[in-house]
Amino acid sequence: KMQFDIRFQIAFFLLGFFVYPNTVNGDETERKTYEYVKLFSFGVEEAKNKNEEPFQFGTINNVDCDRDGNIYILDFHYKCVRKFDKNGKFVRQFFRHGKGPKEVANPFTVAINQYTDHIFVLQDYGFSIKEFDLDGNFVKRHAVPKQFFGVLRFLKPDEFLYVDYIPKEKEFFNFHIVSLTQKKIIGDLARVEMVRELNHKQWFAVENNSILWTSRGNEMKLLAFDIKTGAKIQEIKIPGKYKKNILKKTGKPGGMIMVSPILYNIAQPIIIDGQLFVLVALHDYQKKDGKLDPFPVKWKRTISQVNGSRFE
């Protein structure tokens with residue numbers, strides 16, 4: 001059974017693969033070549049009836065899957081999590097806005113703990129996490145040692161890894177490991193310089209619970225870190241033509257404004273069947289009345305397999 005996740009992409013792909021021999025140092029090794037077939041996509045701009053209402057989304061913050069392939073979508077606008085089966089059929093809706101046992105307040109992220117099969121929702125503007133079982137029953141509320149807004153991944157039943165992107169220092173640790181049992185940060189890794197405003201859109205994947213793969217902001221490169229030591233062990237440039245975002249001063253003390261480019265890329269590493277891939281989204285914008293249109297004129301998604309330091 002293949003298990004993988006794609007965040008902010010409400011499109012799912014069936015991966016068939018062929019195996020052919022590849023000679024490495026004189027030995028025959030197996031290598032897989034993948035083909036991608038779109039299974040389904042869903043979502044409507046405006047629901048025309050009751051059956052379409054679950055498919056009308058407000059603001060999709062992120063998506064996660066359980067071990068059976070069920071899809072969980074966190075909608076920040078409607079303050080809920082919607083569950084769909086692996087074929088895109090609506091199953092049920094969890095939660096509503098509030099402080100009660102089956103309610104969430106200002107939720108940012110949903111994550112499925114693959115060790116306990118429980119739903120974890122980062123809420124309260126990133127200051128706490130609520131834990132539920134797969135039926136939506138409240139289990140426990142967890143305080144977090146530091147506010148954060150990004151995605152999280154469980155490394156153990158009671159430990160998760162998350163992105164830190166509101167640093168006050170010029171250099172900071174990009175990732176932290178939190179113990180829910182000890183209620184504190186127990187590990188830091190990937191010390192980096194302050195990156196621009198898109199650090200909060202940073203994606204990452206964990207390989208064998210030992211290697212962290214990530215692509216920071218709109219920097220078109222993959223970075224690999226040893227989770228145990230925090231050391232950077234590999235850096236791979238991602239091919240693609242684009243322009244980076246630019247920060248300009250507003251004239252006010254400490255004030256900055258983002259100037260978006262016409263071409264804009266963002267990359268996401270994905271682990272599929274033990275193989276490393278990278279999903280790149282290229283957005284092409286245009287100007288209207290001298291201003292950049294906030295919606296892309298066209299966009300392109302490409303997915304490539306990473307073989308050593310090469311993209312295929």
Inset, instruction - Identify the two heavy atoms, one from Phe57 and one from Tyr78, that lie closest to each other, and give their separation to 0.1 Å. - result: C-CE1, 4.0 Å
Inset, instruction - With side chain to side chain contact (heavy atoms under 4.5 Å, CB included) as the test, would you mind laying out the steps for Trp213 and Ile236 before giving the verdict? - result: CA-CA 10 Å; Trp213 288 95; Ile236 307 173; 4.0 Å; yes
Legend entry - With Leu212, the side-chain contact (heavy atoms from CB on, under 4.5 Å) member among Leu155, Leu223, Leu189: Leu189
Inset, instruction - Verify the cluster assignment for Val91 and Ile119: are they in a single hydrophobic cluster under the rule of side-chain heavy atoms below 4.5 Å apart? - result: no
Inset, instruction - With sequence neighbours excluded, tell me which residues meet ring-ring contact (aromatic ring centres under 6.0 Å, His included) with Phe175. - result: Phe204
Legend entry - CD on Gln182 to CD on Glu159, rounded to 0.5 Å: 7.5 Å
Inset, instruction - Kindly write out the residues that satisfy ring-ring contact (aromatic ring centres under 6.0 Å, His included) with Phe95, not counting sequence neighbours, or none if the list is empty. - result: Phe132
Inset, instruction - For Gln93, check side chain to side chain donor-acceptor pair (under 3.5 Å) against everything at least two apart and list the hits. - result: Arg82
Inset, instruction - Show the numbers, then the answer: is there a side chain to side chain contact (heavy atoms under 4.5 Å, CB included) between Gln268 and Phe277? - result: CA-CA 8 Å; Gln268 175 182 1; Phe277 293 77; over 6 Å; no
Inset, instruction - Can you run down the salt bridge (Lys or Arg N to Asp or Glu O under 4.0 Å) pairs that involve residues 223-234, sequence neighbours left out, and say none if there aren't any? - result: Lys232-Glu235
Legend entry - Which residues share a side chain to side chain donor-acceptor pair (under 3.5 Å) with His118, sequence neighbours left out: Glu131
Legend entry - Listed partners of Asn49 passing side-chain contact (heavy atoms from CB on, under 4.5 Å), at least two apart: Asn51, Glu52
Inset, instruction - Consider only side-chain heavy atoms of I, L, V, M, F, W and Y, link residues closer than 4.5 Å, and tell whether Ile211 and Ile271 are in one cluster. - result: yes
Inset, instruction - Verify the cluster assignment for Phe149 and Val178: are they in a single hydrophobic cluster under the rule of side-chain heavy atoms below 4.5 Å apart? - result: yes
Legend entry - Trace of the side chain to side chain donor-acceptor pair (under 3.5 Å) decision for Gln56 with Glu45: CA-CA 6 Å; Gln56 180 176 326; Glu45 291 188 8; over 6 Å; no
Inset, instruction - Could you tell me whether the side chain of Ile238 reaches within less than 4.5 Å of the side chain of Ser215, counting heavy atoms only? - result: yes
Legend entry - Sidechain-backbone polar pair: Asp133 side chain, Asn137 backbone, donor-acceptor under 3.5 Å: yes
Inset, instruction - Supply the atom-to-atom distance Ser304 OG to Leu279 CG, rounded to the nearest 0.5 angstrom. - result: 9.0 Å
Legend entry - 4.5 Å side-chain heavy-atom contact, Leu222 and Val306: yes
Legend entry - Lys146 side, atom NZ; Asp164 side, atom CG - distance, nearest 0.5 Å: 3.5 Å
Legend entry - From CG (Asp64) to CD (Gln114), nearest 0.5 Å: 8.5 Å
Legend entry - All side-chain contact (heavy atoms from CB on, under 4.5 Å) counterparts of Pro101, not counting sequence neighbours: Phe138
Inset, instruction - Verify the cluster assignment for Phe173 and Leu152: are they in a single hydrophobic cluster under the rule of side-chain heavy atoms below 4.5 Å apart? - result: no
Legend entry - Set of residues satisfying side chain to side chain donor-acceptor pair (under 3.5 Å) with respect to Thr181, sequence neighbours excluded: Asp158
Inset, instruction - Could you tell me how the ring of Tyr125 sits relative to the ring of Phe108: parallel (under 30°), tilted (30 to 60°) or perpendicular (over 60°)? - result: perpendicular
Legend entry - Qualifying salt bridge (Lys or Arg N to Asp or Glu O under 4.0 Å) pairs, either residue in residues 98-111, two or more places apart: Arg96-Glu103, Lys99-Asp124
Legend entry - Pairing residues for Asn70 by the side-chain contact (heavy atoms from CB on, under 4.5 Å) criterion, not counting sequence neighbours: Asp66, Asp68, Tyr72, Lys83, Asp85
Inset, instruction - Output the distance between atom CD1 (Ile227) and atom CD1 (Ile177), rounded to the nearest 0.5 Å. - result: 6.0 Å
Inset, instruction - Using the side chain to side chain contact (heavy atoms under 4.5 Å, CB included) rule, take Leu180 and Phe160 through it: C-alpha gap first, then chi angles, then the decisive distance, then the call. - result: CA-CA 8 Å; Leu180 293 175; Phe160 65 83; 3.7 Å; yes
Inset, instruction - Flag yes if Ile233 and Val278 sit in one hydrophobic cluster, no otherwise; membership is Ile, Leu, Val, Met, Phe, Trp, Tyr, and two members link when side-chain heavy atoms are under 4.5 Å apart. - result: yes
Inset, instruction - Could you list the residues that satisfy ring-ring contact (aromatic ring centres under 6.0 Å, His included) with Phe127, not counting sequence neighbours? - result: none
Inset, instruction - Quickly, which of Thr109, Leu122, Val121 forms a side-chain contact (heavy atoms from CB on, under 4.5 Å) with Ile129? Name it, please. - result: Leu122
Inset, instruction - For the pair Asn208 (side chain) and Ser210 (backbone), establish whether a donor and an acceptor sit closer than 3.5 Å, ignoring hydrogens and angles. - result: no
Inset, instruction - Working to the nearest 0.5 Å, report the span between CZ of Phe148 and NE2 of His176. - result: 10.0 Å
Legend entry - Counterpart residues, side-chain contact (heavy atoms from CB on, under 4.5 Å), relative to Asp117 (two or more places apart): Arg67, Leu134
